[in-house]
Amino acid sequence: MLNALASLVDTGQIRALDYQFARFLMSLHENPLLALTGALVSYHLGHGHVCLNLDELNHDRLFDLKSDSSRQLVRLTGIEFEQWGEALKPLPVITDGRTASPLVLQDQRLYLRRYWLYERDICDWLAHSQRTPISSPAIQDTLARLFSRNYEFVHQQLVSAPATKGRDLLIKWLDIEKPEQVDWPKVEAAVQSGQLQQLDQLIPESVSLNWQKVAAAVAATQQFSVISGGPGTGKTTTVTRLLALLVEQGVTEGNVPEVRLVAPTGKAAARLTESIGSARHDLNVSDAVKQAIPAMASTIHRLLGVIPHQSNFRYHRMNRLHLDILVVDEASMIDLPMMARLLEALPDHARLILLGDRDQLSSVEAGSVLGDICGFANQGYSPEQSTQLTQLTGYDFSEFQQPQGDRLRDSLCLLRKSYRFDARSGIGQLAIAVNRGKPSQVVKFADAHYSDIRLHTSGESDYPSLMTLILDGYRPYLTAMAQKNAPETIIAAFNQFRVLCAVREGRYGISGLNQAISHTLAAAGLIQTNTLWYAGRPILITRNDHGLGLYNGDIGITLPDDTGRLRVAFEMPDRTIQSFLPSRLPDHETVFAMTVHKSQGSEFSHTVMVLPDQPSPVLTRELIYTGITRAKQQLDLFTHKAILEQAIRQATVRDSGLAIRLRSI
């Protein structure tokens, strides 16, 4: 068996790590089935799966091999494929987890022991999280104040739109769910007379459903909560108002909570800093409450305290963090090990609020924690939670109530309304169609007349148009550099436009496109590429350097200093600019084009997404959705129709036992 696995390493079909783990297991107990399944566990872990699900394993596709090669490996075990589960149970290096062993077998799922422990620890933490006692009248009044209607904004929308759109705009901006219960002649009379405040009585809370307010109410009642939603649904606006509620409650009780804000990457932390900082200025609360809401977010690594040259953190189970409320943005990017380490470092009383889009790509490493948790949102709310939400929001939640379900459902809220994208938005409609797995709807966008999206499906003949588009997209930041604008101005201009790829290699991957873009910009006289380092070269950090404060995913621009010496300028999470000599940088690469994975946590006014001309396992519905939703105002998608359709049909599935475990809490 080891010889067969070594051959797979030689042909690049499995990693040397997979083989070495199989070899380690054979040194403990010589058994060909143990060696093969051990290599499979390692291989699947490398592809994002937490465990090896024996019930879902296909004996014709082990290691994604062709059928003959896969079946040959099965024969080498000497055991019928259907008997593998029973044959593994008595092996001395596999247990059910109650005693130490390299592998754990539970309900036909085979784990590396530490990943089994990660799942167990996350489940245990969530099981011990509690409902939070609240004063319903006080919370109801605070929610009403924090989520009061902005009639000045509504008036501006009505004035700038045709009169025939007035009712539609009121439905949208006042979150009207039951328009049939509204006395529209009286409403229109109030609008025409400019008496918009009368709409509080004419359009009561019982007919309006503000999901942001609901999310805040859900989180206020739970020690653990998740607020999930797509772009433009107002996740950070919601959590800022939620924090105002919780802080104000603490101020009233004489115990101001310690609040911390974090995100998985430096870029995501910078965006959270910007969003929270902007939103807190508009809060209808005292200055003392505003000041208690932090304006600065950090990375999770920085929060936990990285120890140089060690895999452990400064804060852990035996040395807990000093905080009362933790907000984690872009939670879909957090893998299973990091989530487990974060939870173990929280003090027992801490309130945890996760923000994220459950439909985005899962973490690069193993697991899909946010997706597993958010699966319970489909169960509706318990009768108890439904009653409480009705009291807090004024809307009848009986339609969202289900008598049977798991406890975790009461901790979740999905923001269902995008204030950025509406029926006139091609980006929003395209994202919805992709999310629903409807390729036939998606390809129709090539002929649709939306001003904010363009689908280019002519293949190679579109390549010149792609280069022209990229030239125009990157010209502003290079012009700003030539005019010697401030580094923050140049970086801001660069961040308005981005090229996203699905794969790394090939003509339509980041390697091929970065090279082609460099040549195009040089031919236009915008950059000089006769040396590795040149003014205007954008850099993506690919390895964390805690000493410099640079992290995987951070982007900087190479600029000359006052002496003409080249330095790379980065915008840090606190919005300051720091510049570094190129020789000091950790591992990095040119980033005219970047992968969709690396773009998570970022948004660009104009996004160009380029898919490869050949099918690839990485092309999934979640990847397409994530790439589309990086665009705020304009999207250009270059692809073949067949490639796009196949990607949309392929949803990401990661083997994990977390969702099953969570049903029992």
Side-chain angles (χ1 to χ4, degrees), residues 12 361 426-427 430-431 433-434 438-475 478 496-527 529 537-538 540 589-599 604-631 633-650:
L361 282 165
I427 296 173
L430 182 62
V434 169
K438 302 290 187 181
S440 59
Q441 294 180 10
V442 171
V443 296
K444 291 179 181 178
F445 280 81
D447 302 317
H449 300 289
Y450 289 102
S451 61
D452 58 343
I453 61 168
R454 292 190 294 262
L455 264 63
H456 309 264
T457 57
S458 299
E460 185 62 26
S461 61
D462 281 329
Y463 201 82
S465 299
L466 171 62
M467 287 298 118
T468 300
L469 193 63
I470 292 171
L471 178 62
D472 292 339
Y474 283 135
R475 189 186 299 275
L478 293 168
Q496 294 299 305
F497 179 85
R498 195 60 43 85
V499 179
L500 304 182
C501 305
V503 297
R504 295 192 61 86
E505 304 302 327
R507 181 172 170 81
Y508 297 99
I510 62 170
S511 58
L513 277 174
N514 274 319
Q515 186 176 27
I517 294 169
S518 298
H519 289 161
T520 299
L521 296 176
L526 295 174
I527 59 175
T529 58
R537 184 188 178 196
L540 174 74
E589 60 190 18
T590 302
V591 70
F592 290 115
M594 65 193 301
T595 62
V596 174
H597 273 94
K598 290 289 188 182
S599 74
F604 314 101
S605 295
H606 187 177
T607 297
V608 175
M609 183 160 62
V610 184
L611 301 186
D613 56 355
Q614 298 294 326
S616 169
V618 305
L619 290 175
T620 63
R621 181 183 307 164
E622 292 78 10
L623 181 136
I624 304 300
Y625 170 82
T626 303
I628 289 169
T629 54
R630 298 313 89 203
Q633 298 173 5
Q634 185 70 45
L635 171 73
D636 282 85
L637 175 55
F638 288 80
T639 181
H640 291 272
K641 285 186 179 181
I643 298 292
L644 180 61
E645 290 177 356
Q646 182 175 336
I648 293 168
R649 291 191 185 97
Q650 183 168 315

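The figures that follow rest on heavy atoms only: side chains count, while hydrogens, waters and symmetry mates do not.
Residues I643 and L619 form a side-chain contact, since some pair of their non-hydrogen atoms from C-beta on lies under 4.5 Å apart. Looking at F638 and L469, their side chains come closer than 4.5 Å, going by heavy atoms from C-beta outward. With a 4.5 Å cut-off on side-chain heavy atoms, L500 and V608 do not count as touching. Between D613 and H640 there is a side-chain heavy-atom pair separated by less than 4.5 Å. Between N514 and V591 there is no side-chain heavy-atom pair separated by less than 4.5 Å. Between L455 and L430, some side-chain heavy-atom pair lies under the 4.5 Å cut-off. Residues L644 and L637 are in side-chain contact: their nearest non-hydrogen atoms beyond the backbone lie under 4.5 Å apart. Annotation: side chain of D472 is in contact with side chain of T468 (closest heavy-atom distance under 4.5 Å).
For the salt bridge (Lys or Arg N to Asp or Glu O under 4.0 Å) condition, no pair includes a residue of residues 461-470, sequence neighbours left out. Listed by first and then second residue, the salt bridge (Lys or Arg N to Asp or Glu O under 4.0 Å) pairs involving residues 500-517 are E460-R507, R504-E589 (not counting sequence neighbours).
The ring-ring contact (aromatic ring centres under 6.0 Å, His included) check on H597 picks up nothing, with sequence neighbours excluded. For Y625, there are no ring-ring contact (aromatic ring centres under 6.0 Å, His included) partners two or more places apart in sequence or in a different chain. Considering only residues two or more places apart in sequence or on other chains, R454 meets the salt bridge (Lys or Arg N to Asp or Glu O under 4.0 Å) condition with D636. Applying the ring-ring contact (aromatic ring centres under 6.0 Å, His included) criterion to H606, with sequence neighbours excluded, gives F497.
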Inset, instruction - Might you work through the side-chain contact (heavy atoms from CB on, under 4.5 Å) test for T520 and I470, ending with a clear yes or no? - result: CA-CA 9 Å; T520 299; I470 292 171; over 6 Å; no
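For T626 (side chain) and L361 (main-chain N/O), a donor-acceptor pair under 3.5 Å exists by modelled atom type.
Taking every heavy atom of both residues into account, A516 and Y463 meet most closely at CB-OH, 3.4 Å.
No more than 12 heavy atoms of other residues, nucleotides or ligands lie within 6.0 Å of CD in Q646, so this atom counts as exposed by the packing criterion.
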